[in-house]
Amino acid sequence: QVQLVESGGGLVHAGGSLRLSCAASGRAFSTYNMGWFRQAPGKEREFVAAISKSGSSTAYADSVKGRFAISRDNAKNTVYLQMNSLKSEDAAAYYCAADGSSYLFRSSSAYDYWGQGTQVTVSS
(Lines give C-alpha, C1' and ligand atoms only; values in the text may rest on other atoms or scores of the structure.)
Protein backbone atom coordinates (compact mmCIF):
# COMPACT_ATOMS: atom_id res chain seq x y z
CA GLN A 1 0.00 0.00 0.00
CA VAL A 2 1.12 3.49 -0.88
CA GLN A 3 -0.51 6.75 0.12
CA LEU A 4 0.28 9.86 -1.91
CA VAL A 5 -0.33 13.48 -0.98
CA GLU A 6 0.23 16.32 -3.44
CA SER A 7 0.95 19.90 -2.50
CA GLY A 8 2.21 23.11 -4.06
CA GLY A 9 -0.68 24.04 -6.30
CA GLY A 10 -2.05 27.54 -6.44
CA LEU A 11 -2.70 30.58 -8.57
CA VAL A 12 0.01 31.93 -10.86
CA HIS A 13 0.13 34.32 -13.78
CA ALA A 14 0.96 33.07 -17.24
CA GLY A 15 4.71 32.80 -17.59
CA GLY A 16 5.20 32.04 -13.92
CA SER A 17 6.42 28.92 -12.15
CA LEU A 18 5.25 26.43 -9.56
CA ARG A 19 6.80 23.37 -8.01
CA LEU A 20 4.45 20.56 -7.10
CA SER A 21 5.41 17.96 -4.53
CA CYS A 22 4.05 14.49 -3.89
CA ALA A 23 4.89 12.85 -0.59
CA ALA A 24 4.57 9.07 -0.33
CA SER A 25 4.00 7.06 2.80
CA GLY A 26 5.95 3.96 3.71
CA ARG A 27 9.48 2.90 2.94
CA ALA A 28 8.94 1.28 -0.48
CA PHE A 29 8.93 4.49 -2.53
CA SER A 30 11.96 3.47 -4.57
CA THR A 31 10.14 0.38 -5.89
CA TYR A 32 7.63 2.51 -7.81
CA ASN A 33 7.73 4.40 -11.05
CA MET A 34 6.01 7.72 -10.49
CA GLY A 35 3.85 9.78 -12.78
CA TRP A 36 2.12 13.13 -12.90
CA PHE A 37 -1.25 13.51 -14.60
CA ARG A 38 -3.66 16.39 -14.93
CA GLN A 39 -7.36 16.77 -15.53
CA ALA A 40 -9.27 19.86 -16.56
CA PRO A 41 -13.07 20.10 -16.22
CA GLY A 42 -14.86 18.05 -18.85
CA LYS A 43 -11.67 16.39 -20.09
CA GLU A 44 -10.03 13.02 -19.61
CA ARG A 45 -7.05 12.60 -17.33
CA GLU A 46 -3.92 13.47 -19.29
CA PHE A 47 -0.36 12.22 -18.92
CA VAL A 48 2.16 14.90 -18.01
CA ALA A 49 5.42 13.25 -16.94
CA ALA A 50 6.86 10.07 -15.47
CA ILE A 51 10.08 9.03 -13.79
CA SER A 52 11.63 5.63 -13.24
CA LYS A 53 12.30 4.03 -9.87
CA SER A 54 15.88 5.21 -9.67
CA GLY A 55 15.22 8.51 -11.39
CA SER A 56 17.46 7.63 -14.31
CA SER A 57 14.71 7.79 -16.95
CA THR A 58 11.98 10.35 -17.55
CA ALA A 59 9.16 10.86 -20.02
CA TYR A 60 7.11 13.93 -20.87
CA ALA A 61 4.02 14.83 -22.79
CA ASP A 62 4.82 16.86 -25.88
CA SER A 63 2.79 19.76 -24.52
CA VAL A 64 5.14 20.25 -21.56
CA LYS A 65 8.55 19.32 -22.96
CA GLY A 66 11.10 22.00 -22.29
CA ARG A 67 8.92 23.67 -19.65
CA PHE A 68 8.30 21.03 -16.97
CA ALA A 69 10.79 18.81 -15.16
CA ILE A 70 10.04 15.76 -13.04
CA SER A 71 12.44 14.64 -10.33
CA ARG A 72 12.45 12.49 -7.23
CA ASP A 73 14.26 12.21 -3.94
CA ASN A 74 13.95 8.64 -2.74
CA ALA A 75 15.52 9.49 0.61
CA LYS A 76 12.62 11.88 1.21
CA ASN A 77 9.94 9.69 -0.41
CA THR A 78 8.99 12.61 -2.61
CA VAL A 79 8.50 13.28 -6.31
CA TYR A 80 8.44 16.80 -7.75
CA LEU A 81 7.12 18.53 -10.81
CA GLN A 82 8.81 21.82 -11.61
CA MET A 83 6.51 23.83 -13.86
CA ASN A 84 7.96 26.81 -15.71
CA SER A 85 6.59 29.18 -18.33
CA LEU A 86 3.06 28.27 -17.36
CA LYS A 87 0.29 28.75 -19.88
CA SER A 88 -3.44 29.03 -19.43
CA GLU A 89 -3.85 25.57 -20.94
CA ASP A 90 -1.80 24.13 -18.06
CA ALA A 91 -4.59 24.93 -15.61
CA ALA A 92 -5.94 21.69 -14.17
CA ALA A 93 -6.02 19.46 -11.14
CA TYR A 94 -2.68 17.70 -10.97
CA TYR A 95 -2.34 14.18 -9.59
CA CYS A 96 0.64 12.05 -8.79
CA ALA A 97 0.50 8.29 -9.17
CA ALA A 98 2.58 5.22 -8.39
CA ASP A 99 3.20 2.23 -10.68
CA GLY A 100 4.92 -0.92 -9.49
CA SER A 101 5.58 -2.37 -12.94
CA SER A 102 8.91 -2.70 -14.75
CA TYR A 103 8.15 -0.04 -17.37
CA LEU A 104 7.43 3.66 -17.67
CA PHE A 105 3.83 4.04 -18.81
CA ARG A 106 1.97 7.04 -20.15
CA SER A 107 -1.45 5.48 -19.61
CA SER A 108 -3.26 6.25 -16.38
CA SER A 109 -4.58 2.68 -16.29
CA ALA A 110 -1.07 1.41 -15.55
CA TYR A 111 -0.88 3.21 -12.21
CA ASP A 112 -2.05 1.60 -9.00
CA TYR A 113 -2.13 4.43 -6.48
CA TRP A 114 -3.23 8.04 -6.74
CA GLY A 115 -3.05 11.17 -4.69
CA GLN A 116 -5.98 13.47 -4.03
CA GLY A 117 -4.84 16.12 -6.48
CA THR A 118 -3.74 19.72 -6.21
CA GLN A 119 -5.25 22.56 -8.21
CA VAL A 120 -3.17 24.72 -10.53
CA THR A 121 -4.81 27.88 -11.79
CA VAL A 122 -3.15 30.10 -14.38
CA SER A 123 -4.36 33.64 -14.98
CA SER A 124 -3.61 35.33 -18.29
Side-chain angles (χ1 to χ4, degrees):
Q1 289 290 328
V2 177
Q3 291 180 274
L4 306 172
V5 180
E6 302 97 334
S7 62
L11 173 65
V12 297
H13 290 156
S17 298
L18 282 175
R19 188 179 74 162
L20 306 183
S21 299
C22 176
S25 66
R27 304 182 67 84
F29 180 68
S30 64
T31 69
Y32 292 94
N33 300 312
M34 299 296 298
W36 284 98
F37 294 78
R38 65 189 182 187
Q39 188 168 24
K43 300 185 69 176
E44 292 294 308
R45 194 158 46 202
E46 175 188 26
F47 170 78
V48 176
I51 188 166
S52 63
K53 299 169 184 179
S54 68
S56 61
S57 298
T58 59
Y60 295 93
D62 288 342
S63 59
V64 306
K65 285 181 180 177
R67 299 189 298 119
F68 291 9
I70 188 171
S71 61
R72 67 191 295 163
D73 187 338
N74 287 346
K76 296 181 178 179
N77 282 194
T78 302
V79 62
Y80 305 95
L81 185 68
Q82 179 66 47
M83 309 166 68
N84 299 321
S85 301
L86 282 161
K87 306 174 180 179
S88 60
E89 52 261 46
D90 296 318
Y94 282 72
Y95 300 86
C96 69
D99 167 28
S101 76
S102 300
Y103 310 98
L104 276 185
F105 288 105
R106 288 173 164 82
S107 172
S108 62
S109 63
Y111 292 80
D112 302 304
Y113 305 100
W114 294 84
Q116 85 289 349
T118 185
Q119 183 67 45
V120 173
T121 304
V122 183
S123 62
S124 58

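Counting begins at 1 with the first residue of the sequence.
Contacts classified as side chain to side chain donor-acceptor pair (under 3.5 Å) and involving residues 15-26 (residues at least two apart or in different chains) are given here: S17-N84. Among residue pairs with one or both ends in residues 29-92, none qualify as disulfide (SG to SG under 2.5 Å); sequence neighbours excluded. Legend: disulfide (SG to SG under 2.5 Å) pairs involving residues 8-119, not counting sequence neighbours, sorted by first then second residue: C22-C96.
Heavy atoms from other residues, nucleotides or ligands lying under 6.0 Å from CD of Q116 number more than 12.
Partners of S88 under the side chain to side chain donor-acceptor pair (under 3.5 Å) rule, at least two apart in sequence or in another chain, do not exist in this structure. With sequence neighbours left out, the side chain to side chain donor-acceptor pair (under 3.5 Å) criterion links Y95 to no other residue. Residues forming a side chain to side chain donor-acceptor pair (under 3.5 Å) with K43 (at least two apart in sequence, or on another chain): none.
Counting only heavy atoms from C-beta outward, the side chains of Y111 and R45 never approach each other to under 4.5 Å. Annotation: side chain of Y32 is in contact with side chain of Y113 (closest heavy-atom distance under 4.5 Å). In this structure, the side chains of E46 and S63 come closer than 4.5 Å at one or more pairs of heavy atoms. S123 places a side-chain heavy atom less than 4.5 Å from the side chain of H13. D99 places a side-chain heavy atom less than 4.5 Å from the side chain of D112. In this structure the side chain of R38 never reaches within 4.5 angstrom of the side chain of V120, judged on heavy atoms. In this structure the side chain of M83 reaches within 4.5 angstrom of the side chain of L20, judged on heavy atoms.
A single hydrophobic cluster is seen to contain both M34 and V2, as judged by linkage of ILVMFWY side chains at heavy-atom distances under 4.5 Å, directly or through other members. No chain of hydrophobic side-chain contacts below 4.5 Å, direct or via other Ile, Leu, Val, Met, Phe, Trp or Tyr residues, connects I70 to F105. L81 is connected to V12 through a chain of hydrophobic side-chain contacts under 4.5 Å among Ile, Leu, Val, Met, Phe, Trp and Tyr, so both are in one cluster. Under the 4.5 Å side-chain contact rule for hydrophobic residues, F37 and V64 do not share a cluster. Linking Ile, Leu, Val, Met, Phe, Trp and Tyr whenever their side-chain heavy atoms come within less than 4.5 Å leaves L4 and L104 in two separate clusters.
Closest approach of Y80 and W36 over heavy atoms only: O-NE1, 3.4 Å. Closest approach of W114 to S108, counting heavy atoms only: CZ2-O, 3.4 Å. A pairwise comparison of heavy atoms in G100 and K53 identifies O-NZ, 4.0 Å as the closest pair. The shortest heavy-atom contact between F47 and Y60 is CE2-C, 3.7 Å.
Side-chain atoms of Q39 do not come within 3.5 Å of backbone N or O of A92 as any donor-acceptor pair. Within the 3.5 Å criterion, the main-chain N or O of S54 finds no donor-acceptor partner in the side chain of N74.
Ion pairing between D90 and K87 fails under the 4.0 Å rule for side-chain N and carboxylate O.
For the pair R72 and F29, the cation-pi criterion (under 6.0 Å, within 45° of the ring axis) is fulfilled.
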